Amino acid sequence: MARHLITSAIPYINGIKHLGNLVGSQLPADLYARFQRARGNEVLFLCATDEHGTPAELAAAKAGKPVAEYCAEMHAVQSGIADGFRLSFDHFGRSSSEQNKALTQHFAGRLADAGLIREVSEKQVYSNTDGRFLPDRYIEGTCPNCGYDKARGDQCENCTKQLDPTDLIDPRSAISGSTDLEVRETKHLYLCQSQMKDQLEEWIDTREGWPILTTSIAKKWLTDGDGLQDRGITRDLAWGVPVKKGTEDWPGMEGKVFYVWFDAPIEYIAAAQEWVDAGKGTDWERWWRTDKGADDVRYTQFMGKDNVPFHTLSFPATILGSGEPWKLVDYIKSFNYLNYDGGQFSTSQGRGVFMDQALEILPADYWRWWLLSHAPESSDSEFTWENFQTSVNKDLADVLGNFVSRVTKFCRSKFSEAVPEGGAYGPREEALIETLSTRIRAYEAHMEAMDVRKSAGELRAIWVAGNEYLQDAAPWTTFKTDPEAAAMQIRLALNLIRLYAVLSAPFIPDASAQMMEAMQTEDDSWPDDVPAALQLLTPGHAFTVPDVTFRKISDEEREGWQEQFSGIRS
RNA sequence: GGGCCUGUAGCUCAAUUGGUUAGAGCAGAGCGCUCAUAACGCUUUGGUUGCGGGUUCAAGUCCUGCCGGGCCUACCA
């Protein structure tokens with residue numbers, strides 16, 4: 001039995017995520033986790049909220065709450081929505097946990113001992129009004145290049161010129177608008193990634209079969225300009241993991257915290273500890289320590305492309321630099337962006353459909369199917385309401401849902417609400433089984449390779465095969481002349497419903513559960529042996545006719561939603 | 001500015017990494033079926049693979065120059 005450690009990029013705490021965030025990490029990670037569990041493998045699937053950093057502090061201030069309280073509330077909200085989408089995390093942790101604090105400080109101490117941390121004194125803009133240092137992008141002013149008056153301190157959005165905050169004319173705080181700014185000297189810790197460049201490059205170069213998106217971004221950072229740069233891993237903030245060297249104070253770093261991108265990936269490990277401490281597991285080290293049983297673990301990470309540099313370089317640098325036997329990632333599955341109706345989804349602008357809104361409109365399975373079958377794997381992809389309506393109505397309602405409906409209703413009207421007896425397979429059934437076997441093996445291969453869209457396509461083809469068979473066998477005709485043959489045909493079709501429920505569960509878990517319930521079986525064993533899997537429901541086994549598995553989206557609804565989501569989220 | 005990705009049917013995407021006549025789904029057209037959520041099945045129209053050169057026995061695939069789209073560029077996360 002293989003063991004799979006699976007993590008999804010951890011969503012930031014400052015609000016509810018949109019569908020683009022969902023399809024870029026959590027949802028495909030869930031698909032893979034569910035598939036591996038279904039195959040009988042051992043899975044630890046972890047996620048968490050990423051809670052530190054300036055945006056969290058500002059969001060809390062805007063909400064008028066202490067940041068710890070705000071994060072606790074938002075974690076509960078995000079956790080609830082994750083449940084709503086049926087994301088099957090074994091634990092949904094928090095990067096602000098005590099476990100992560102201790103572990104982050106531990107890693108920093110190990111890196112310092114290894115000589116991989118250096119102190120850098122630098123100048124940074126401080127806002128007296130806001131009482132805080134301002135990251136470059138939180139300073140606004142007039143662009144010296146083009147005169148745009150809302151240029152940010154890191155880059156002018158109008159002319160795309162890269163800027164230094166001190167370049168800005170009439171700089172002001174983007175938070176308060178205050179112009180009472182000054183440049184102050186401050187000291188920070190830098191992780192000496194440059195010392196590890198060769199080691200990291202060799203590691204990246206020897207990874208096989210990684211998405212081009214993953215390796216090309218990593219290589220770019222390794223080789224661009226002067227090569228991999230050292231990175232600041234501390235910030236002058238109140239909210240975060242206090243800077244410590246292991247359990248000891250770090251002289252000169254009082255009042256500072258670690259940079260969120262330093263502690264966030266470490267939360268992948270801490271979440272496993274949280275999982276144990278929450279009483280859900282017993283041994284987290286056998287997942288994370290290669291000296292304590294994690295040797296045979298296969299570790300897969302899922303993320304959007306914006307997260308790739310941190311997962312291919314910074315976090316591995318932390319792990320490798322520690323000199324301790326922590327488990328390194330085996331495969332990084334990265335995604336492009338999902339756009340919304342001709343533009344980008346935007347959290348800050350409230351553009352697009354957000355996770356909570358999506359669930360208010362339709363059940364999770366509808367979204368899961370569309371998002372996964374259109375996952376932005378090879379390039380950015382686009383959500384449109386027309387496309388969503390078409391896919392849901394055609395794939396889910398017509399091809400799969402209607403199959404369940406026609407089979408169960410036919411059996412109820414011509415036989416009874418039990419699997420009918422009699423008849424034997426002929427060439428037509430043998431051909432169907434052969435087709436299904438080939439397709440199921442292809443589906444497994446695509447799922448194993450995390451080819452999400454191809455997997456969805458193959459699954460759909462498996463559903464279609466059932467309709468083709470029914471059309472060909474035509475039990476409604478056979479019934480008039482040879483009822484036993486019709487019984488055999490519909491018995492096979494009823495077994496197909498159970499088979500479809502098992503195969504489809506990673507994509508549409510609720511509908512699969514409903515189909516299993518209708519078939520009144522709890523045998524969700526994977527069809528390694530397809531002929532056997534199609535004889536599991538034996539003559540006399542009772543079933544029920546389910547309610548509509550998937551309803552259709554009407555033109556009126558679609559138009560209404562188009563209108564409803566065309567503006568800005570309030 | 002630099003780098004990376006991308007451009008294939010009306011739409012959304014494939015194409016075993018240079019190999020036969022570029023394939024699917026949706027939309028369109030025709031036929032069939034009547035168990036079913038007016039659902040299902042079969043057949044079919046539709047392509048100068050963004051444009052121009054080049055390499056090769058062979059190019060959607062490799063090289064080169066244009067044109068368009070997107071992303072990244074290290075203090076947002």
Side-chain angles (χ1 to χ4, degrees), chain A residues 9-14 50 52-56 58 122 124-125 133-139 152-155 160-162 164-165 174 188 193 212-213 215-217 219-221 223-225 228-232 235-236 259-261 264 304-310 313-314 336-337 339 344 347-348 373-374 376-382 384 386-387 390-391 393-414 453-454 456-457 460-461 464 466-479 486 489-490 493 545 547-552:
Chain A
I10 64 178
Y12 199 66
I13 195 71
N14 68 340
D50 179 12
H52 296 137
T54 308
L58 298 180
E122 56 194 15
Q124 200 163 1
V125 175
F133 282 95
L134 297 177
D136 291 356
R137 69 163 42 200
Y138 284 102
I139 301 159
R152 291 191 324 211
D154 55 343
Q155 186 173 36
T160 74
K161 184 177 172 62
Q162 287 173 63
D164 199 72
H188 282 297
Q193 299 183 134
I212 294 170
L213 188 63
T215 49
S216 65
I217 291 173
K219 293 290 282 183
K220 154 80 170 162
W221 279 60
T223 58
D224 194 40
L228 187 61
Q229 301 298 297
D230 294 345
R231 188 169 196 110
R235 292 289 183 274
D236 289 295
Y259 174 43
V260 359
W261 262 114
K305 57 186 169 186
D306 51 331
N307 278 321
V308 169
F310 303 99
L313 303 169
S314 305
N336 288 285
Y337 293 144
N339 290 319
Q344 294 191 342
T347 302
S348 57
S373 61
H374 294 79
E377 289 178 298
S378 57
S379 61
D380 293 352
S381 65
E382 176 160 319
T384 64
E386 288 87 353
N387 192 309
T390 300
S391 292
N393 289 358
K394 205 70 202 170
D395 300 345
L396 297 181
D398 293 347
V399 176
L400 177 61
N402 182 55
F403 178 81
V404 174
S405 179
R406 68 193 295 204
V407 169
T408 52
K409 286 180 180 170
F410 178 81
C411 189
R412 180 175 62 184
S413 80
K414 296 293 192 283
R453 276 193 314 227
K454 284 182 183 172
R460 186 189 192 281
V464 167
N467 284 312
E468 287 172 348
Y469 170 75
L470 278 190
Q471 181 65 30
D472 195 28
W476 47 91
T477 304
T478 319
F479 182 76
Q489 290 162 348
I490 215 67
V545 176
D547 294 333
V548 169
T549 313
F550 291 100
R551 71 175 187 83
K552 292 204 185 196

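The structure displayed is predicted, hence computed values, not measured ones. Throughout, a chain's letter reflects where its sequence line sits, starting with A, and its residues are numbered from 1.
For Tyr469(A) and C33(B), the OH to C1' distance is 16 Å, given to the nearest whole Å. Separating the CH2 atom of Trp221(A) from the P atom of G3(B) is a distance of 18 Å, rounded to the nearest angstrom. Going from atom OH of Tyr12(A) over to atom C1' of C76(B) covers 8 Å, rounded to whole Å. G25(B) atom P lies 17 Å from atom CZ of Arg453(A), rounded to whole Å. Note: CZ (Arg235(A)) to P (A74(B)) measures 13 Å, nearest angstrom. One interatomic measurement links the two molecules: NZ of Lys305(A) to C1' of U73(B), which rounds to 14 Å at whole-angstrom precision.
Applying the 3.5 Å distance criterion, the base of A39(B) shares no donor-acceptor pair with the side chain of Asn402(A). The base of C13(B) is not paired with the side chain of Glu382(A) by any donor and acceptor separated by under 3.5 Å. For Gln124(A) against C75(B), a side-chain-to-base donor-acceptor contact under 3.5 Å is present.
Rounded to a whole angstrom, the distance from the C1' atom of G7(B) to that of G50(B) is 6 Å. Annotation: G54(B) and C31(B) have their C1' atoms spaced 49 Å apart (nearest Å). For A14(B) and U6(B), the C1' atoms lie 15 Å apart once the distance is rounded to whole Å. One P atom belongs to U61(B), the other to U17(B), and the distance between them is 16 Å to the nearest Å. Taking the P atoms as reference points, A29(B) lies 24 Å from G23(B), given to the whole Å. With both ends at atom C1', the span from G3(B) to A74(B) equals 14 Å, rounded to whole Å. Comparing the C1' positions of C40(B) and U34(B) gives an interatomic distance of 10 Å, to the nearest angstrom.
A donor-acceptor pair under 3.5 Å is formed between the side chain of Tyr12(A) and the backbone N or O of His52(A).
Using a 4.0 Å heavy-atom distance criterion, Val260(A) is classed as a sugar-phosphate-only contact.
Stacking annotation: Phe410(A) is not stacked on the base of C35(B) (requires ring centroids less than 5.5 angstrom apart and an interplanar angle below 30 degrees).
Each of Tyr259(A) and Asn387(A) was matched to the nucleotide of RNA chain B holding its nearest heavy atom; the match closer to the 5' end belongs to Asn387(A). Take the nearest nucleotide of RNA chain B for Arg231(A) and for Arg460(A): the residue whose nucleotide is more 5' is Arg460(A).
With the 3.5 Å cutoff on both pairing distances, Watson-Crick and G-U pairs in RNA chain B assemble into runs of at least 3 at B:1-7 with B:67-73, B:10-13 with B:23-26, B:28-32 with B:40-44, B:50-54 with B:62-66.
Legend: residues meeting side chain to side chain contact (heavy atoms under 4.5 Å, CB included) with Phe310(A), ordered by chain and number and at least two apart, are Arg231(A), Trp261(A), Ser314(A). Checked against side chain to side chain contact (heavy atoms under 4.5 Å, CB included), Ser391(A) has the following partners two or more places apart in sequence or in another chain: Trp370(A), His374(A), Asn387(A), Asp395(A).
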